[in-house]
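Chain letters run A, B, ... following the sequence lines, proteins first, then strands; residues in each count from 1.
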Amino acid sequence: MTLSAPCCHRRWPSIPFPFSAFPFPAKLSIHKNLVYYGKRIERGVPMLDLKLMQKNPEIVRESLKKRSSKIDVQEFTDLDVKRKTLIAEVEALKAEKNAVGPEIAKRKKAGEDASDLLKKMGEVSARTKELDAKLSTVEAAQKEWMMSVPNIPHESVPLGASEEDNSVLRYWGDKPELDFEPKEHWEIGTALGGLDFECAAKLAGSRFAISYGWCARLERALAQLMLDTQTTMHGYTEVVPPFMVNRKTMTGTGQLPKFEEDLFKVEGTDYFLIPTAEVPLTNIYAGEIIDEAMLPIKFCAHTPCFRSEAGSYGKDTKGLIRQHQFHKVEMVNFSHPDKSYEALEEMTAAAEKILQLLNIPYRVIALCTGDMGFGAAKTYDIEVWLPGQNLYREISSCSNCGDFQARRANIKFQPTDSKKKQYVHTLNGSGLAVGRCLVAVMENYQQADGSIVIPDALKPYMGGLEVVKA
RNA sequence: GGAGAGGUAGCGAAGUCCGGCCGUAACGCGCUCGACUCGAAAUCGAGUUAUGGGUCAAACCAUACGUGGGUUCGAAUCCCACCCUCUCCGCCA
């Protein structure tokens, strides 16, 4: 049942392969009073549950410890005490102001003298202004603290300090048995005329690549396969979002304010290039109230992603693994809080499906508390086998963010059986990183003669091409 | 980029010229509960923002009329800056 305005949120009719259509908001109804940088958020808007912070600060303290974070909960508690004291005083003054106001109006209307009240209120007003200023300082500090606190890990997340402590959950597929020394993808791709890093460096700089001919097409084919699979097999609605978004949007999903140096910003504007489609997709429902019957809402998008890779100097300098610009098919799920962990399993399976279709071996790992991203409550990484590098490399990361992003971006749903609006849970996952998948295809399907066999699943997208050779 | 119109609750919309019982915000729609009905429609009645403070829970108090400032004892209303939407014009893939 639609709760309110039925035009605001709508389900698309589903269309069979190769086209599909699913739900998206035809028209967004924004809650004007819930906009991020308005006074609402200044009044102590929680990134974590404020009540939880107040009543059970030890839970947050514990969480921060698990993440090896140095953030001090006591700072928050001290600020909170200050804030409450100030609020009590300010609000008492404002209540007085509101009580006396009509009296002044009444006297003036009757032509009586109100100068005593005016004088008194002048003092009250001055005092209020003073306290308000103090209050906003405290609130700003508290907000800053809140914004820098990472999400609380789910209880099922393995404890650990670094990637060493991640746990492998399962392996899939058999590593190809190669009776020759496997090459790395950049060698194979360059030799076949498909990849050119030198020219890309001329055009832009390091960490860029150019694909030509078969390689460009192969990349497109992979993206197509991914989109078609996610939309037709797994119920995701394909979206083409903006590739640049504003600061507010970046804050909603947690990239800002903490990680600005990882982003590319368009100078002279408020625009940032998206580091992942998670940002625009999740924020589609920012400030919205979703009807419970609409859940889960599942979006996927094929977009370029831009990352400055600050802090990874010297890492993966060769090849396609770590680029400033790469393509990714991203999945986002707005889930009912009770079902988000099921949804995480589903989403991970949807990402795995792509590698299964390509018949490329991979493993799934559960990230430990110390290795998880800022907004994640639980994360699975899918690591694909790369014979050239002789190791598993991350090709997908699927996270349940719980209500962390929903709080920042103000995404709620209206339960059917209750009046109280609740935060949704948001999930995001790569399904998959296209560039790294291209690497995986090249390395796993390479032949002794330097050619690449096209995986069966990609042949329809490659115009029937069977093999790429010199 | 130029000109004009607009931004008020789930939606639509009044109020803005002339500042003060107009913000649990008129009026309409929707939604929830109830009455009527065999049932439904229609009709009638009641209810229906969020956040913060406060409380065992309430009562109660404060804040929010696109955003941010200013004037004032007091601002949806007056002043300044900015953002967004719509219409027309220009430019453009």
Side-chain angles (χ1 to χ4, degrees), chain A residues 1-10 25-47 49-55 79-129 131-133 135-136 138-140 142-143 146 242 245-249 251 268-271 285-294 406-408 410-423:
Chain A
M1 279 310 296
T2 25
L3 156 82
S4 50
C7 314
C8 288
H9 304 289
R10 184 172 288 156
K27 184 189 162 201
L28 296 176
S29 59
I30 307 284
H31 283 219
K32 294 286 164 25
N33 56 344
L34 293 176
V35 166
Y36 322 86
Y37 288 107
K39 280 190 177 152
R40 294 279 62 69
I41 206 163
E42 299 301 339
R43 271 284 128 94
V45 155
M47 298 309 119
D49 187 347
L50 188 61
K51 293 274 192 293
L52 174 83
M53 287 292 308
Q54 290 165 343
K55 287 184 181 157
L79 285 169
D80 206 45
V81 171
K82 270 191 205 164
R83 184 177 122 258
K84 285 186 181 175
T85 315
L86 284 167
I87 282 178
E89 203 178 336
V90 165
E91 289 192 355
L93 288 173
K94 286 184 178 170
E96 190 184 352
K97 180 198 89 179
N98 291 339
V100 175
E103 176 63 20
I104 296 177
K106 208 167 112 192
R107 284 205 205 169
K108 284 208 164 182
K109 218 170 200 175
E112 295 169 25
D113 176 49
S115 56
D116 56 327
L117 289 179
L118 289 183
K119 183 161 180 272
K120 195 174 155 213
M121 284 303 99
E123 286 159 17
V124 168
S125 177
R127 176 74 180 145
T128 306
K129 220 168 233 179
L131 287 173
D132 256 335
L135 183 57
S136 24
V138 171
E139 285 181 336
Q142 204 176 15
K143 182 185 160 194
M146 282 299 240
V245 299
N246 57 32
R247 180 171 287 274
K248 203 193 293 179
T249 300
T251 308
T269 71
D270 191 35
Y271 297 140
Y285 280 99
E288 303 294 323
I289 295 164
I290 304 169
D291 195 28
E292 184 176 4
M294 293 279 297
R407 282 177 190 284
R408 292 184 157 232
N410 230 313
I411 309 171
K412 293 187 172 179
F413 74 99
Q414 175 72 66
T416 341
D417 56 357
S418 137
K419 292 216 57 147
K420 190 74 185 161
K421 296 170 182 67
Q422 292 180 49
Y423 289 111

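B:rG53 atom P lies 11 Å from atom CG of A:L135, rounded to whole Å. Between the C1' atom of B:rC60 and the CD atom of A:E96 lies a distance of 17 Å, rounded to the nearest Å. Across the protein-nucleic acid pair, A:K82 atom NZ and B:rG52 atom P stand 21 Å apart, rounded to whole Å. Nucleotide B:rG20 holds its P atom 14 Å from the CD1 atom of A:I104, rounded to whole Å. Between A:D132 atom CG and B:rG52 atom P there is a gap of 18 Å when expressed in whole angstrom units. Atom NZ in A:K412 sits roughly 14 Å away from atom C1' in B:rG10 (whole-Å rounding).
Residues meeting the side-chain hydrogen bond (donor to acceptor under 3.5 Å, both in side chains) test with A:N246, sequence neighbours left out: A:T249. Looking at residues two or more places apart in sequence or on another chain, you find no salt bridge (Lys or Arg N to Asp or Glu O under 4.0 Å) involving A:K106. Looking at residues two or more places apart in sequence or on another chain, you find a side chain to side chain contact (heavy atoms under 4.5 Å, CB included) between A:K108 and A:I104, A:L118. Qualifying salt bridge (Lys or Arg N to Asp or Glu O under 4.0 Å) partners for A:D113, counting only residues two or more places apart in sequence or in other chains: none. Under the side-chain hydrogen bond (donor to acceptor under 3.5 Å, both in side chains) criterion, A:K120 pairs with A:E96, sequence neighbours left out.
Set against B:rA62, B:rG53, B:rG20, the side chain of A:A105 has B:rG20 as its closest nucleotide. You'll find that the side chain of A:K94 is closest to B:rU63, out of B:rU63, B:rG52, B:rG54. In the set B:rU63, B:rC73, B:rC61, B:rU63 carries the atom at the smallest distance from any side-chain atom of A:N98. Listed nucleotides B:rG52, B:rU51, B:rA62 differ in distance to A:R83; the shortest reach to its side chain belongs to B:rG52.
Annotation: B:rU87 and B:rC79 have their P atoms spaced 28 Å apart (nearest Å). Taking atom P on both nucleotides, B:rG20 is separated from B:rC78 by 11 Å, rounded to a whole Å. Separating the P atom of B:rU49 from that of B:rA59 is a span of 13 Å, rounded to the nearest Å. Here, B:rG45 and B:rA50 have their C1' atoms 28 Å apart, quoted to the whole Å. Separating the C1' atom of B:rG4 from that of B:rG90 is a span of 15 Å, rounded to the nearest Å. B:rG6 and B:rG66 have their C1' atoms separated by 11 Å, given to the nearest Å. Taking the C1' atoms as reference points, B:rU16 lies 35 Å from B:rG54, given to the whole Å. Annotation: B:rU63 and B:rA75 have their C1' atoms spaced 15 Å apart (nearest Å).
Checked by atom type and distance alone, the side chain of A:S125 never pairs as donor or acceptor with a backbone atom of A:M121 at under 3.5 Å.
Proximity of A:N246 to the phosphate of B:rC84: no side-chain N or O atom is located under 4.0 Å from OP1 or OP2. Contact annotation: A:R107 side-chain N/O to B:rC73 OP1/OP2 distance is not under 4.0 Å. Within the 4.0 Å cut-off from OP1 or OP2 of B:rA50, at least one side-chain nitrogen or oxygen of A:K421 is found.
A 4.5 Å side-chain heavy-atom check between A:E91 and A:L135 finds every atom pair outside the cut-off.
The structure places CE of A:M146 at 12.0 Å from CD of A:E139, a figure rounded to the nearest 0.5 Å. Summarising the geometry, atom CZ belonging to A:R83 is positioned 4.5 Å from atom CD1 belonging to A:I87; distances are rounded to the nearest 0.5 Å.
As the counterpart of B:rU16, no nucleotide is assigned, since no Watson-Crick or G-U wobble pattern has both distances under 3.5 Å. Under the Watson-Crick or G-U wobble criterion, with both distances below 3.5 Å, B:rU67 is paired with B:rA81. B:rC31 is paired with B:rG47 under the Watson-Crick or G-U wobble criterion, all donor-acceptor distances under 3.5 Å.
Between the side chain of A:E91 and the base of B:rG54 there is no donor-acceptor pair of N/O atoms closer than 3.5 Å.
Residues A:P102 and A:A95 both approach RNA chain B. Their nearest nucleotides, taken by heavy-atom distance, put A:P102 toward the 5′ side.
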Just the atom pairs and distances: protein N or O near nucleotides 74-80 of chain B's N or O, under 3.5 Å.
{"from": "B:rG74", "atom 1": "OP1", "to": "A:S125", "atom 2": "OG", "distance (Å)": "2.9"}

